[in-house]
Every structure is written in C-alpha cells, then in structure tokens.
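So the structure is just underneath, and the comments pick up after that.
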Amino acid sequence: MTTQSSRKKPSALLLLGCLVIALLIAVLGLTLSTRPSPVTQPDYEKYYWQDSKYKGVRTRISKQSGATYTSLLEYPVTKNQAVNQVIASQIDNFDKAFHEQIASRLPLKGRHFEQNTSYQIVRMHEDFLSIEVVTSRDIEMAATEHETAFWTFNLATGKIVTLRDIFGGAASDGQARLFIYIKQELARQAAKRDIALDPMKVAKVVNADHLQSFLAPDADTIRFDFGQNTVAPAADGPVTVSLSIANLQLFLQSDEARRLFDIMPINAAPEWRAPQVTKGTVDCNRAKCIALTFDDGPGIYTTKLLDILQQTHAHASFFVIGKNVAAHPETVKRMQAEGHTVGNHTWTHRSLPSLPANVIDSELTQTNIQIEKATGIKPTYMRPPNGAIGPRVYDALKRANMTAVLWSVDTRDWADRNTDVVYNRVVTGAKPGAIIILHDIHKTSVDAVPRIVKTLQRQGYAFVSIDELFGPNAAPGGAINHAN
Ligand code: NI
C-alpha cells in the first residue's frame with residue numbers, strides 16, 4: 001500500500017496502453033471461447049495449506065472448478081526441495097492428462113468430469129521417505145480411472161532411490177530375481193482374485209527399464225502399486241505387490257539397502273585355509289577351484305547327476321530337504337560315499353528369518369538327524385531357503401555349530417528351466433572360489449552339468465565340494481558365499 005501511494009499518478013499515455021492491452025485480452029478470450037478448451041479454464045481456483053500428520057510435511061491443496069469439471073490436487077511439501085519438485089511435477093503431469101482428456105471429449109451439456117489427486121506417506125524413516133501419489137479421474141460416468149506414482153527418496157541427497165541403487169548395479173542378480181518374484185506374485189494374485197493378468201503388459205512394465213521406483217512400507221517389505229490398466233485390464237482395478245525382503249536380502253548389500261531394510265552384512269568369507277582334502281588330490285591354493293551346489297533334492301534326476309559327476313571326476317555339494325532325505329536315504333548315502341558334501345536345506349523349505357527360534361532349531365535338527373541316519377555324518381553346512389538369513393538364523397546356526405553357505409553365482413535355474421541359459425550363467429560367472437547355486441530337481445539343470453564341467457575343466461577348473469573348499473567345518477555361526 002505504501003509503495004502504491006508514493007507513486008506518481010499514471011500518465012495518459014500509460015492509461016491508453018492499458019486500455020489497448022485490456023482490449024487485446026478481451027478479443028483473445030473471445031476467440032479462445034469458441035474452441036473446446038475453455039472447459040479446462042477454471043472459473044474458481046483456491047489454494048490452501050494443511051498440516052499432515054507427519055512432522056515437517058504440509059499439504060498444499062489446489063481446488064479448481066470449471067463449467068464441466070472439478071479438480072482437487074494435494075501436493076505434499078516436505079523440507080526437501082528436490083523431493084517436492086519430483087512429486088509436484090508428477091502431479092502436474094496427472095493434471096495435464098486430465099485436462100487433455102476433457103478437451104478430447106465433446107462438450108456435452110450436463111457432462112461433468114472429476115479429478116482427485118492425493119498422496120500417502122507409506123513410510124517416514126529418518127533417512128528415507130516412501131511416498132505414493134494416486135490420482136483418480138471420473139471421465140465417463142461409469143468408470144473411474146486410477147493412476148499411481150511412487151518413490152522412495154533418500155532425504156539426505158533428495159534423490160529417488162532406485163532398484164539399481166539398492167541391488168548394486170544394473171546387471172545384479174538381485175534385480176533379476178526381484179522381477180521373477182514380482183511376476184510370480186502377480187500370477188498368484190491373478191489366480192486367487194480372478195484378475196485377467198495381461199502377460200504383454202506385465203512384460204512391458206516389470207523390467208529394469210520401466211520399474212526402478214519402489215515403496216518400502218517397513219524394514220521387511222518392498223512394495224509396488226500397479227495402477228489400473230498397468231498389468232491387467234482396467235476393469236480389474238489396481239494391483240499391489242508386496243514382497244518380503246527375507247528372500248532378497250542376500251542381494252541387498254549396498255549401503256543404502258542396508259540402512260533402508262536393516263540388513264545385516266553377510267559375514268566376509270572366512271580366512272582362506274588349506275583344504276583338508278582326504279578324498280581327492282586337489283589343492284585349492286594352486287588349482288582354480290569352483291563349487292557346484294545343488295538344492296532342494298534329492299529328486300528323480302539326482303542319481304543321473306551323481307553318475308555324471310562320477311564320470312567327470314567332479315565333486316559337488318547337495319543341500320537336501322529333510323523330507324526328501326527320508327524318502328531317498330540311499331541316494332544321500334551315495335553322495336557322501338562319492339566325495340560330495342551333504343548339507344542341510346531345512347525340513348520344510350520355509351523362509352527362516354521370521355520363524356520363532358525353536359522352529360528354526362527344529363527345521364535344522366530334524367534334517368540333520370535324517371542326514372546322519374543316511375550317511376553316518378552330522379552335517380556342518382546348511383543353505384537357508386531362498387538365501388534368507390537374519391539374526392535368529394545366525395543364532396540357530398551357532399547353537400547347531402553350523403555354517404550357512406550362500407552363493408556367488410545365481411543361475412536362477414528354477415525360473416528359466418532352460419539348459420542353455422543355465423550353462424551360460426555358470427560359465428560366464430565362473431571364477432576361482434565361486435559358489436554356484438543350481439537345483440537338481442530340474443531336469444534342465446542336470447542336463448546342463450556335462451557341458452558345464454567339460455568347458456570349465458578345459459579352462460583348468462577343479463570341481464570341489466564345500467568340504468574341500470573350506471574344510472569340514474568353517475565359520476560356524478556365520479555365512480560364506482565364496483572362497484578367496
Ligand atoms: Ni531351495
């Protein structure tokens with residue numbers, strides 16, 4: 001007010017200028033009004049602020065209405081500018097799409113369009129913010145359209161945390177495994193909830209190029225909210241996929257991932273010790289040693305696999321399921337007799353980290369008893385189902401004087417069931433000291449073994465058991481995933 005009153009009176013020339021501009025605006029408005037777009041021009045616009053229930057987060061609400069529409073947009077405003085910008089620009093994009101949709105419709109009388117865009121804080125962590133924006137549009141009376149966008153932000157950097165960040169690189173096994181789990185979970189829900197999953201849409205969306213953002217509702221869960229029409233027909237609505245971190249934490253070893261999901265680092269490989277080899281003549285200090293490991297058996301292809309290993313003078317390790325040992329004790333006895341390591345893969349193959357301590361103990365003990373019955377030797381190595389390990393599992397391992405054997409080469413043979421793919425993953429991943437995970441319950445995996453052994457033996461590799469690689473009882477209470 002003070003600045004205005006201290007000003008000189010506007011000159012006549014300036015008045016004339018204003019008049020011309022006003023006239024121009026009027027003419028422009030008239031021309032625009034003959035085109036279909038004025039439906040999108042708000043007659044009413046209001047902004048106001050609201051506190052959220054989260055400290056340091058406010059909501060800027062924009063209410064707009066025009067002749068044919070009403071629109072409500074809620075913008076979260078945090079203390080982090082970069083975060084606000086990413087979210088606001090997504091909301092603006094949703095808004096733009098809404099107005100484009102209106103403009104593309106004939107302006108029929110009585111037709112009314114509605115847009116509602118709101119956000120939800122999925123998790124507020126001291127270093128991270130997981131947040132989702134959902135927009136719903138009533139374009140035609142019958143169908144509401146939903147779209148979602150979600151992110152987990154690193155609040156220190158203001159950057160979006162991507163799957164690449166938490167899995168440590170684009171080529172990581174973890175990302176590939178995650179996408180398989182997402183597809184499995186989508187298929188499970190499709191069967192359960194009668195959703196007509198669209199494989200083309202799924203393939204388009206669930207891959208490293210299109211899916212990098214995620215939600216982390218708590219330290220044990222990773223979540224993806226697929227909006228309407230993203231993975232299934234619009235009529236089936238949105239689909240949410242929540243996955244337990246337990247099955248992925250082996251791959252979540254980046255600093256950011258550990259903080260976000262409270263992941264314990266996998267113990268470093270134990271100090272190298274000269275293998276106490278009694279069965280063979282391999283000295284892994286000199287030879288390029290590599291360990292093939294087979295999980296989930298014994299099954300119907302296991303004897304064939306034992307024949308192949310015998311013929312090629314290769315040793316391996318078998319992580320057997322207690323129930324299967326009870327069904328095929330003679331096969332397990334043969335494993336031991338022919339120089340392979342027989343390890344424990346639990347009784348029921350349940351994911352261990354969230355089970356009560358006494359259940360974890362019994363999963364291990366029951367299986368150990370069966371193995372000892374078959375071979376005469378109590379196992380010292382075990383492999384946790386899905387590589388899922390955590391504080392309670394480590395405690396149980398200490399009690400049982402056992403070591404978890406993880407892996408350094410993931411063939412994902414259970415997902416692909418393709419002999420060439422398995423062969424290629426093993427051969428390209430091979431390194432001295434590598435531990436390779438396979439499953440002898442799949443014919444395609446057993447069929448890949450002769451070529452794997454032949455190729456790598458030509459490159460000078462010796463196939464050894466875990467006993468040969470580490471000694472009969474290395475790092476009890478801990479985990480190993482490769483040698484040297
Ligand atoms: Ni398994």
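These numbers come from a predicted model, not from an experiment. Counting convention: from 1, in listed order, for ligands and their atoms alike. Residue numbers run from 1 in the order of the sequence given.
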>> Applying side chain to side chain donor-acceptor pair (under 3.5 Å), can you list everything that pairs with Asn401, at least two apart in sequence or on another chain?
In response: none
>> Run the side chain to side chain donor-acceptor pair (under 3.5 Å) test against Arg425 and tell me which residues pass, sequence neighbours left out.
In response: Asp416
> Is the Phe318 to His340 ring centre distance short of 6.0 Å?
Replying inline: yes
>> Is the distance between the ring centroids of Phe167 and Phe251 under 6.0 Å?
In response: no
> What are the protein N/O/S atoms, named by residue and atom, that sit under 2.8 Å from the Ni ion (ligand 1)?
Replying inline: Asp296 OD1, His345 NE2, His349 NE2
> Centre of Phe98's six-membered ring, under 6.0 Å away, within 45 degrees of the axis: is that where NZ or CZ of Arg137 sits?
Replying inline: no
Going by atom type alone, with no hydrogens or angles, which donor-acceptor pairs under 3.5 Å involve a side-chain atom of residues 216-223 and a protein atom two or more places apart or on another chain?
residue	atom	partner	partner atom	Å
Asp218	OD1	Asp220	N	2.8
Asp218	OD1	Thr221	N	3.1
Asp218	OD1	Thr221	OG1	2.8
Asp218	OD2	Thr221	OG1	3.3
Arg223	NE	Asp225	OD1	3.0
Arg223	NE	Asp225	OD2	3.4
Arg223	NH2	Glu132	OE1	3.4
Arg223	NH2	Asp225	OD2	2.8

